[in-house]
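Both counts, for ligands and for their atoms, begin at 1 and track the order of listing. Excluded from the calculations below are hydrogen atoms, water molecules and symmetry mates; all remaining heavy atoms, backbone and side chain alike, are included. The first residue of the sequence shown is numbered 1, and numbering continues consecutively from there.
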Amino acid sequence: MTDDKALADRILALKEERDAVILAHNYQLPEVQDIADHVGDSLELARAGASLECPVIVFCGVDFMAETAAILSPEKTVLLPAQDACCPMAEMVTAGELAVLKERYPNAAVVAYVNTTAEVKAESDICCTSANAVKVVRSLHQKQVIFVPDRNLAAYVARFTDKEILPWDGYCLVHDRFSAADVRREKALHPRAELLVHPECRPEVIDLADHVFSTSGIIRHVCGSGAGEFIIGTEVGILHRIRKHCPETRCIPLSPRAICVNMKKTTPEKVLAALERMEPRVVVPQKTAADARRAIERMLELP
Ligand code: 13P
Ligand code: SF4
């Protein structure tokens, strides 16, 4: 038996003993995705976390995702195997800064991208993910919408609504680095390929895309195509799931340097250690969790 197989078997056995479920984001390392019960985008993982019956969730992703699971299921133990796996964009706006903005625009609704801290969600009216941001904003009756923290997702949403979107100036370090020059270079090399990008990309990249989707939306589009050639404008971890489920398609990363280092901090060894020690746990203070839950559940209730 290989070391990897032995490690995976130990994780599986301990997972059963603890009655735990492993959730992994689409950007996780291949070996982590392969030991997970569910792999998905932020919205799918939030829904899975809320609906699972198990007492323990091992969250292979970044902190805000595990926090969302802990907020939705306060009775469950939520483990984040890589305690330092954070999303730098989520740190770009604080609850205090948002409160100041709310005072300046008292009639505006507040939409918090799920890539935010629990404290920011608690200050918000509703959350959104990349999969439902347009739908969330359209569901609001207010004409003005404060949108935190991603300026690029805010600009993307603004294309589909006549509401006044008031964006925060945050951005994803990975997606904001894609440029129109990257697109021109890859399109010249692969002229028949469709360009699929994540809405965290800059407007100049969105303008050139054939389709804009969440991470799972990209996977569904590629796998639904049967075969074909695609340039993928998001973090490269997504390619593992595409290759696994639809190996007949050809996917080229828009940039091979599009790596979210925080998403790569989780390893099978850390998953095993988390299950052994039942640590590190994600715990959100009760009042913050209750306020944040309202904003997340309002999003999940949308049809
Ligand atoms: P998705 O919800 O599309 O998976 O995106 C999460 C994310 O962090 C993108 O950078
Ligand atoms: Fe955050 Fe960007 Fe990493 Fe997604 S890819 S977790 S937005 S830093």
Side-chain angles (χ1 to χ4, degrees), residues 23-29 32-33 36 38-50 59-69 80 82-93 111-117 120-121 127-136 147-157 167-178 196-202 205-206 209 211-222 232-242 253-266 296 299-300 302:
L23 302 182
H25 186 264
N26 289 321
Y27 295 159
Q28 288 290 291
L29 291 169
V32 173
Q33 294 192 30
H38 301 278
V39 184
D41 66 11
S42 307
L43 184 60
E44 290 168 335
L45 296 177
R47 286 195 193 284
F59 213 113
C60 304
V62 290
D63 52 5
F64 75 82
M65 298 180 173
E67 263 186 4
T68 302
L80 181 65
Q83 196 167 21
D84 59 339
C86 63
C87 169
M89 175 162 66
E91 309 296 326
M92 288 181 186
V93 63
V111 176
Y113 190 26
V114 73
N115 300 40
T116 43
T117 61
V120 166
K121 289 183 178 76
C127 289
C128 75
T129 75
S130 65
N132 62 14
V134 173
K135 192 206 284 184
V136 165
F147 193 102
V148 294
D150 188 5
R151 65 186 181 207
N152 291 333
L153 184 60
Y156 177 68
V157 168
W168 192 254
D169 198 24
Y171 58 92
C172 164
L173 302 167
V174 179
H175 291 85
D176 196 66
R177 280 182 70 185
F178 292 127
L196 311 180
V197 307
H198 195 275
E200 288 175 12
C201 292
R202 285 193 227 161
V205 173
I206 301 273
H211 297 284
V212 180
F213 293 123
S214 76
T215 54
S216 287
I218 290 176
I219 296 167
R220 269 193 297 277
H221 181 85
V222 171
I232 307 290
T234 191
E235 209 269 355
V236 296
I238 196 174
L239 297 172
H240 174 66
R241 205 164 156 218
I242 297 178
L254 180 53
S255 165
R257 289 169 303 150
I259 296 170
C260 175
V261 288
N262 284 286
M263 282 284 184
K264 309 304 180 202
K265 288 180 176 170
T266 310
I296 302 167
M299 164 185 84
L300 295 178
L302 284 182

Look at the side chain of [X] and the backbone N and O of [Y], then say whether any donor-acceptor pair between them is shorter than 3.5 Å.
X    : Y    : result
T234 : H198 : no
K121 : V114 : yes
E91  : P88  : no
Q28  : Q33  : no
N152 : E200 : yes

Next on the checklist: I need the atoms of ligand 2 closer than 4.0 Å to a non-hydrogen atom of P88, numbered in the order shown.
Outcome noted: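 Listed by number with element, the hits are 8 (S).
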Checklist entry - Hey, which atoms in ligand 2 end up nearer than 4.0 Å to a heavy atom of E200? => result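 So the answer, numbered in order with elements, is 2 (Fe), 7 (S).
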Specify the protein heavy atom at minimum distance from [atom]: its residue, its atom name, and the distance to 0.1 Å.
atom                    : value
atom 8 (O) of ligand 1  : N115 ND2, 3.3 Å
atom 2 (Fe) of ligand 2 : C172 SG, 2.3 Å
atom 7 (C) of ligand 1  : E200 OE2, 3.7 Å
atom 6 (C) of ligand 1  : S42 OG, 3.4 Å
atom 1 (Fe) of ligand 2 : C87 SG, 2.4 Å
atom 3 (Fe) of ligand 2 : C260 SG, 2.4 Å

Could you check if a side-chain atom of [X] sits within less than 4.5 angstrom of a side-chain atom of [Y], using non-hydrogen atoms only?
X    : Y    : result
K264 : E235 : yes
I232 : L239 : yes
V39  : N26  : yes
M89  : L173 : no
F59  : E67  : no
T68  : M65  : no

Checklist entry - For ligand 2, is there an atom lying under 4.0 Å from some heavy atom of M89? => result yes
Checklist entry - Do any heavy atoms of N115 fall under 4.0 Å from ligand 2? => result yes
Checklist entry - Should the ring pair F178 and H175 be called parallel, tilted or perpendicular, given that the plane angle runs from 0 to 90° and is split at 30 and 60? => result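 Plane angle over 60°, so perpendicular.
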Just let me know how [X] lines up against ligand 1, side chain, backbone, both or neither, with a heavy-atom cut-off below 4.0 Å.
X    : value
V114 : neither
H175 : side chain
T129 : neither

Relative to the heavy atoms of [X], which atoms of ligand 1 are at a distance of less than 4.0 Å?
X    : result
S214 : 3 (O)
D41  : 1 (P), 2 (O), 4 (O)
H198 : 1 (P), 3 (O), 5 (O), 9 (C)

Item to check | Side-chain H-bond candidate by donor/acceptor type, Y156 with S130, under 3.5 Å | outcome: no
Next on the checklist: Suppose we only count N/O/S atoms under 2.8 Å; would H175 qualify as near atom 2 (Fe) of ligand 2?
Outcome noted: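 Under 2.8 Å: H175 has no N, O or S contact with atom 2 (Fe) of ligand 2.
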Next on the checklist: For atom 3 (O) of ligand 1, which of the options C172, C87, S130 provides the nearest non-hydrogen atom?
Outcome noted: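 Selected option, by shortest heavy-atom distance: S130.
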Next on the checklist: In this structure, does ligand 1 have an atom that sits under 4.0 Å from one of the heavy atoms of E235?
Outcome noted: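 Not so, E235 does not reach ligand 1.
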Checklist entry - What do you reckon, does Y27 put a non-hydrogen atom under 4.0 Å from ligand 1? => result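 Right, Y27 reaches ligand 1.
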Item to check | Test of proximity, H25 against ligand 1: N or O pairs below 3.5 Å | outcome: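 Among all N and O atoms of H25, at least one is under 3.5 Å from an N or O of ligand 1.
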